[in-house]
Protein chains: 2
Amino acid sequence: MTGRRDPEGRRRAIIEAACALIPEVGVGGLTHRAVAARAGVPLGATTYYFTSLDDLSQAALAYAARSAAESLRAWRRSLRAGDDVADTMAALTEEYLADRGRALTETELYLAAVRRPELRPLARTWFDGLVGLLSEYADPAAAKAAVFLIDGALLRALSDQQPLDTAGLATALRAVLRPAP
Amino acid sequence: MTGRRDPEGRRRAIIEAACALIPEVGVGGLTHRAVAARAGVPLGATTYYFTSLDDLSQAALAYAARSAAESLRAWRRSLRAGDDVADTMAALTEEYLADRGRALTETELYLAAVRRPELRPLARTWFDGLVGLLSEYADPAAAKAAVFLIDGALLRALSDQQPLDTAGLATALRAVLRPAP
DNA sequence: ACCACTCCTGTACGTTCGTACTAGTACATG
DNA sequence: CATGTACTAGTACGAACGTACAGGAGTGGT
């Protein structure tokens with residue numbers, strides 16, 4: 001996959017291996033050796049490309065956050081194409097949860113940011129992006145509430161290893177997005 | 001605090017030390033040595049009372065879950081005494097967040113349960129208890145949505161190290177708890 | 001007094017970890 | 001072709017870890 005002499009590809013392979021490992025062992029469970037083995041590179045490579053293990057995990061989380069931001073752009077398109085915001089958001093959330101590893105990584109990022117302030121901006125990208133998205137359809141307070149709902153439902157579905165109650169989420173989203181009476 | 005010959009108190013001291021440590025280092029960051037040092041007992045004591053590190057962390061998380069369940073009983077009383085469910089719940093949530101370590105431990109439990117199925121019942125006690133509480137005031141679907149909202153807001157406040165927007169949460173709670181039009 | 005038993009503690013073993021480092025390899029530049 | 005630079009890979013080291021264990025210390029029954 002990564003040629004012998006391809007620094008950029010190597011770095012990327014290491015980051016992707018770390019991303020694949022995070023759902024399995026958690027951010028705190030990452031080790032140079034496990035990442036190197038998963039990436040198919042010698043141990044020395046991970047210490048060559050990253051000055052420390054924290055540096056490596058930060059790069060992996062940044063990579064994950066960037067890919068999440070990209071998927072937000074697809075969400076924006078779906079929202080504009082869909083007829084009902086609440087239904088569309090619930091469906092997108094369910095779809096997002098299909099890749100449980102990615103969703104779990106996002107939650108790992110939230111928790112990791114508690115103890116590592118340098119991760120806090122990364123941990124905000126998903127929330128801020130989602131709020132920005134929904135602010136086209138509701139006032140900011142309602143948009144924030146909708147994201148709380150989505151994150152809470154995701155967290156529960158992850159922890160319980162159970163599917164998302166999409167219809168119930170749609171109903172709740174409709175309730176918070178509807179202007180107060 | 002714990003006399004030389006007081007097995008029950010010793011076990012409890014170790015568990016409480018582990019609980020105090022979890023917000024600082026995470027469930028996965030627990031070590032026999034760190035817990036022993038925090039509890040003021042020799043290393044041998046933690047391995048004497050707990051057959052493994054997993055056993056120790058599980059006991060600590062169970063202890064935390066039990067104390068959370070106790071606080072739920074106080075919530076029930078407050079709800080019955082308060083005049084508005086949404087306002088009361090928002091205020092209780094803010095109060096709950098005042099002890100950030102406890103709230104963080106609950107979230108750590110959620111995530112730990114993903115990879116440790118034996119923790120899953122523990123990870124459900126908070127959610128189930130809260131839903132049961134709110135089911136006295138709304139239909140089950142609305143109650144679940146309200147808990148998603150609360151957990152989402154808590155997770156965000158924890159990750160961002162910022163205070164809770166209590167008024168905003170109350171508004172959103174009112175929206176999801178109100179019967180659909 | 002003695003014994004049986006539980007409780008307690010310090011130490012030791014083998015493993016795994018982060019990180020540093022050395023020697024070697026490819027490649028661009030002159 | 002020489003040479004310097006960026007990359008590679010294997011190894012080594014000290015630290016921290018989980019766990020096991022041998023023996024000391026206190027306690028209650030007889």
Side-chain angles (χ1 to χ4, degrees), chain A residues 1-63 108 112 115-119, chain B residues 1-63 108 112 115-119:
Chain A
M1 188 56 63
T2 129
R4 274 300 162 84
R5 205 69 185 227
D6 178 15
E8 213 164 321
R10 215 124 201 267
R11 193 172 204 279
R12 182 195 180 87
I14 292 172
I15 287 177
E16 287 176 350
C19 282
L21 230 35
I22 285 176
E24 297 177 21
V25 300
V27 175
L30 283 186
T31 67
H32 276 131
R33 286 169 176 82
V35 173
R38 176 66 66 102
V41 301
L43 171 60
T46 67
T47 66
Y48 176 77
Y49 282 100
F50 302 93
T51 62
S52 73
L53 193 59
D54 273 4
D55 185 30
L56 201 170
S57 65
Q58 178 164 359
L61 291 170
Y63 185 86
E108 287 274 348
R115 283 180 281 270
R116 290 167 60 182
E118 73 273 18
L119 295 178
Chain B
M1 185 57 62
T2 130
R4 270 301 159 84
R5 206 67 186 228
D6 177 14
E8 213 164 323
R10 216 113 202 280
R11 194 172 204 277
R12 182 195 180 85
I14 292 172
I15 287 176
E16 286 176 351
C19 281
L21 229 37
I22 286 175
E24 296 176 20
V25 301
V27 176
L30 283 185
T31 68
H32 275 131
R33 285 168 177 83
V35 174
R38 177 64 67 104
V41 301
L43 171 60
T46 67
T47 66
Y48 175 77
Y49 283 99
F50 301 93
T51 63
S52 72
L53 193 59
D54 273 3
D55 186 29
L56 202 170
S57 65
Q58 178 164 0
L61 291 169
Y63 183 86
E108 286 274 347
R115 283 180 280 271
R116 290 167 60 183
E118 73 273 16
L119 295 178

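Lettering follows sequence order; numbering is per chain, from 1.
Annotation: salt bridge (charged side-chain N to carboxylate O under 4.0 Å, His left out) contacts of Arg33(B) (sequence neighbours excluded): none. Residues passing the salt bridge (charged side-chain N to carboxylate O under 4.0 Å, His left out) test with Glu118(B), sequence neighbours excluded: Arg116(B). By the salt bridge (charged side-chain N to carboxylate O under 4.0 Å, His left out) test, Arg12(B) is found to be paired with Glu16(B), residues two or more places apart in sequence or in another chain being considered.
The OG1 atom of Thr31(B) sits 10.0 Å away from the CG atom of Leu56(B) when rounded to the nearest 0.5 Å. Distance check: Leu53(A) CG to His32(A) NE2 gives 5.0 Å after rounding to the nearest 0.5 Å. Here the OH atom belonging to Tyr63(A) is positioned 13.0 Å from the CD1 atom belonging to Ile14(A), to the nearest 0.5 angstrom.
In this entry the distance linking CZ of Arg11(A) with P of dA6(D) reads 16 Å, nearest Å. Between Arg10(A) atom CZ and dA6(D) atom P there is a gap of 17 Å when expressed in whole angstrom units. For the pair Tyr48(B) OH and dA22(D) P, the computed distance is 16 Å after rounding to whole Å. Computed from coordinates, the Leu53(A) CG to dA16(D) P distance equals 16 Å when rounded to whole Å.
Within 4.0 Å of Phe50(A), counting heavy atoms only, lies no atom of the nucleic acid at all.
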Contacts under 3.5 angstrom, residues 19-29 of chain A side chains, donor-acceptor by atom type, not counting sequence neighbours:
{"unit_1": "Glu24(A)", "atom_1": "OE1", "unit_2": "Arg38(A)", "atom_2": "NH2", "d": "2.9"}
{"unit_1": "Glu24(A)", "atom_1": "OE2", "unit_2": "Arg38(A)", "atom_2": "NH1", "d": "3.4"}
{"unit_1": "Glu24(A)", "atom_1": "OE2", "unit_2": "Arg38(A)", "atom_2": "NH2", "d": "3.0"}

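Near DNA chain C, meaning a heavy atom under 4.0 Å away, the residues from residues 26-36 of chain A are Leu30(A), Thr31(A), His32(A), Arg33(A).
Closest approach of Ala36(A) to Pro42(A), counting heavy atoms only: CB-O, 3.9 Å.
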Quiz item: Could you write nucleotides 20-26 of chain C as a row of B, S and -, 5' to 3', where a protein heavy atom under 4.0 Å of any base atom gives B, of only sugar-phosphate atoms gives S, and otherwise -?
Solution: -----BB
